[in-house]
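Take a look at the structure set out below.
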Amino acid sequence: MSIPVVTRFAPSPTGYLHIGGGRTALFNWLYARGRGGKFLLRIEDTDRERSTPEATAAILRGLTWLGLDWDGEVVSQFARKDRHAEVAREMLARGTAYKCFSTQEEIAAFRAAQEAAGASYAVFISPWRDADPATYPDAPYAIRMKAPRTGETVIEDQVQGRVVIKNETLDDMIVLRSDGTPVYMLAVVVDDHDMGVTHVIRGDDHLNNAARQQMVYDAMGWTVPVWAHIPLIHGPDGKKLSKRHGATGVEEYQAMGYPAAGMRNYLTRLGWAHGDAEIFTSDEAMKMFDLSGIGRAPARLDFKKLENTCGHHMAMAEDAALLHELQAYLTAAGRPALTEGQVSLMKQALSFLKSSAKTFPELIDKAAFLMVSRPIARDAKADEALDTVSRGILKSLTPRLHSANWTKEALEPILTGIAAENGIGFGKLAAPLRAALAGRTVTPSVYDMMLTIGREETVARLSDAAL
RNA sequence: GGCCCGUUCGUCUAUCGGUUAGGACACCUGGUUUUCAACCAGGUAAGAGGGGUUCGACUCCCCUACGGGCUGCCA
């Protein structure tokens, strides 16, 4: 009987949800959900200067769009500052931390002197580390962890393997600032411990930090969680992902019209693999997901593959759900909402539209024929397709549509018949039909369009064009 | 500067000492077709470089190069 898995995502609310953060959250979510565990959310808002409620809201929106639901209340790290300070005091009492009266000026001077001497970087060891409390001045002090100076700290990482850090390369990190506020490194450990986090899955920019955090666990006699430091995501050029690569915020992807299921699938496969599995649902991903499948090298974003993956999910989606997401997309992208009439037409059209669209903008574009109203504006190519001969054919076609059953089976012989009578292939007939029905020459199948808009509208559009 | 991590087709990756190095995206060719797409079939394409270890290395070790991270009273 193993302990239930508890994972967490702990972003800093200093901006939107970064795509890399989204993937980190996704991995934590998949791992927990696939094992009947819990996935918690904690906002690391201890930096009061940079943290904003807007950023927190944006992060929550991003996670929600991605479909990553968390358990329980969102924890504010800042709100727990007293608890953090309490632990710092306990470390003091246990003798695993000490009061350091060195001022920031003194520390800066030490580093400057090191640099001036041309010496290689040296860790700062506070002179108060082993000082007699009797010598303590009546001055503000910070609390520093009394870290081991010899030996090594070993991080058994599920992704990176066994990482050995020599203790002499680490300084005695401050756990409580002289103003009494806790430092991030302490806060994470205390929070993760108090929240019962069993698996810490996060970016590998924290790999080195893990050593110092592990020292805090040891100092408090707490159980060290399972570590899994995952590589960061890079831009297409292999450099760290930044604004110049284009979209870095999760919400930007929503606004670009990628379906969330496709996004999840793509992000899951970015830096993680399970044999040849490429296209899968979230349920399937939960079953397959494991830490051992995570790669150690940073992955690059590939929009082409993202689109392809999204195309599969678009086609897999259920019409009703897809319609909802389409409407959410229109809102997110600031595009006009569907009218009631368009919604009902869309319900019929989705079944064939979704099979070939990869994104919502593409879906909308293919649905142009049901978004327009008479008189239908035509582009240049559509005008070209409606030459005199074609108009004549359309004119002769409309009467036959009045009595026809409105099914593809009934319509097909009528259209092919008209084409044959005029000695042209069906392709030649389809062009003016597209032009008449949609005002453009690139459209879904003419049958699909006719069936969707119905007899009355079809005849009206054809008559308009035949004039 | 020090320490840590990484490097298989253009991209995401499989491989866990012995394979014609597999799959997916992209690309190219052909097919299907009512346009675009989708779809089907086929093809081009990879172990950063150099040393070891071994009967045998993509796989293990070392060096170099390149990329990334950490090195704060930031998170």
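Since this is a predicted model, take the numbers as computed values, not measurements. Proteins come first, then strands; the chains are lettered A, B, ... in the order of their sequence lines, and each starts at number 1. Just so it is clear, the values below take in all heavy atoms, side chains as well, and ignore hydrogens, waters and symmetry mates.
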Given side chains that start at C-beta, do those of A:Ile233 and A:Leu301 come closer than 4.5 Å, heavy atoms only? yes

Can you check the distance between B:rU15 and B:rC74, where both ends of the measurement are the P atom (answer in whole Å)? 43 Å

Please state the P separation for the pair B:rA48 and B:rU7 - nearest whole angstrom. 9 Å

Partner nucleotide, any strand, of B:rG43 [Watson-Crick/G-U, under 3.5 Å]: B:rC27

From B:rA24, B:rG22, B:rU11, pick the nucleotide closest to the side chain of A:Asp276? B:rG22

Pairwise N/O distances under 3.5 Å, protein to nucleotides 37-39 of chain B:
unit_1	atom_1	unit_2	atom_2	d
B:rA37	O2'	A:Ser356	O	3.1
B:rA38	OP1	A:Lys358	NZ	3.2

Touch check for A:Pro11, heavy atoms < 4.0 angstrom, all strands: base, sugar-phosphate only, or nothing? nothing

With C1' as the reference atom in both, quote the distance from B:rA41 to B:rC60 in angstrom, rounded to an integer. 42 Å

Before accepting this row, confirm whether a basic side-chain N of the pair A:Asp379/A:Arg440 lies closer than 4.0 Å to the acidic partner's carboxylate O. no

Sugar-phosphate, base or nothing in reach of A:Leu207, heavy atoms under 4.0 Å: sugar-phosphate

Which is true for A:His229 with a 4.0 Å heavy-atom rule: it touches a base, it touches only sugar-phosphate, or it touches nothing? nothing

Residues A:Arg50 and A:Asp45 bridged, charged N to O under 4.0 Å: no

For the C1' atoms, the ones on B:rA45 and on B:rG2, what distance do you get once it is rounded to whole angstrom? 41 Å

B:rG68 and B:rG31: how far apart are their P atoms, nearest whole angstrom? 46 Å

Between B:rU34, B:rC74, B:rC3, which one does the side chain of A:Val446 approach most closely? B:rU34

Quote, to the nearest angstrom, the C1' distance that separates B:rC3 from B:rG47. 28 Å

Which part of the nucleic acid does A:Ser102 contact within heavy-atom distance under 4.0 Å: base, sugar-phosphate only, or nothing? base

Taking the side chain of A:Gln104 as its heavy atoms from C-beta onward, which of B:rG23, B:rG6, B:rC73 lies nearest to it? B:rC73

Pairwise C1' distance for B:rU59 and B:rA21, with rounding to whole Å: 11 Å

Side chain of A:Arg434 - closest among B:rG6, B:rC4, B:rU34: B:rU34

Any salt bridge linking A:Lys354 with A:Glu362? Criterion: basic side-chain nitrogen under 4.0 Å from a carboxylate oxygen. no

So A:Val188, base contact, sugar-phosphate only, or nothing? Heavy-atom distance under 4.0 Å. nothing

So A:Ala431, base contact, sugar-phosphate only, or nothing? Heavy-atom distance under 4.0 Å. nothing

Can you tell me which nucleotide in B:rU7, B:rC12, B:rG72 comes closest to the side chain of A:Leu270? B:rC12

Stacked cation flag A:Arg48 on A:Phe78, 6.0 angstrom / 45 deg: yes

Give none if B:rG6 has no partner; otherwise give the nucleotide forming a Watson-Crick or G-U wobble pair with it, both distances under 3.5 Å. B:rC66

Ring centres under 6.0 Å, that's the criterion: do A:Tyr31 and A:His199 meet it? yes

Taking atom C1' in both B:rU8 and B:rC16, what distance in whole Å separates the two? 14 Å

Which nucleotide in the set B:rU11, B:rU71, B:rC73 lies at the smallest distance from any side-chain heavy atom of A:Asp302? B:rU11

Does A:Arg111 make a side-chain N or O approach to OP1 or OP2 of B:rG72 shorter than 4.0 Å? yes

Could you give all pairs that pass the salt bridge (charged side-chain N to carboxylate O under 4.0 Å, His left out) test and reach residues 414-426 of chain A, with sequence neighbours left out? A:Arg400-A:Glu421

Just call it for A:Thr181: base, sugar-phosphate, or nothing, with non-hydrogen atoms closer than 4.0 Å on any strand. nothing

Within the structure provided, determine whether A:Asp138 and A:Phe101 are in side-chain contact (heavy-atom separation under 4.5 Å). no

Nearest to the A:Ser445 side chain among B:rG6, B:rU34, B:rC3, which nucleotide is it? B:rU34

Paired to B:rU15 by Watson-Crick or G-U wobble criteria (both distances under 3.5 Å) is none

What is the nucleic acid contact for A:Arg50, judged by heavy atoms within less than 4.0 Å: base, sugar-phosphate only, or nothing? base

Can you tell me the Watson-Crick or wobble partner of B:rC58, both distances under 3.5 angstrom? none

Can a donor-acceptor pair be found between the side chains of A:Thr181 and A:Asp179 at a distance below 3.5 Å? yes

State whether A:Phe27 and A:Arg23 meet the cation-pi test: NZ (Lys) or CZ (Arg) under 6.0 Å from the six-membered ring centroid, and within 45° of the perpendicular axis. yes

Of the nucleotides B:rC70, B:rU35, B:rC25, which one has an atom closest to the side chain of A:Asn209? B:rC70

Side-chain-base donor-acceptor pair under 3.5 Å for A:Arg269 and B:rC12: yes

May I ask you to say what A:Val163 touches in the nucleic acid, namely base, sugar-phosphate or nothing, with a heavy-atom cut-off under 4.0 Å? sugar-phosphate

Look at all strands and tell whether A:Glu278 reaches a base, only sugar-phosphate, or nothing, counting heavy atoms closer than 4.0 Å. base

Roughly how many Å is it from NZ in A:Lys408 to P in B:rU33, rounded to a whole number? 13 Å

Distance-only donor-acceptor test, A:Lys305 side-chain atoms vs B:rA24 base atoms, 3.5 Å: yes

Base, sugar-phosphate alone, or nothing: which one does A:Gly271 contact when heavy atoms must sit under 4.0 Å apart? sugar-phosphate

Winner on side-chain proximity to A:Asp171, out of B:rG72, B:rU11, B:rC3, is B:rG72

Could you check whether A:Tyr266 gets within reach of a base, just the sugar-phosphate, or nothing at all, counting any heavy atom under 4.0 Å? nothing

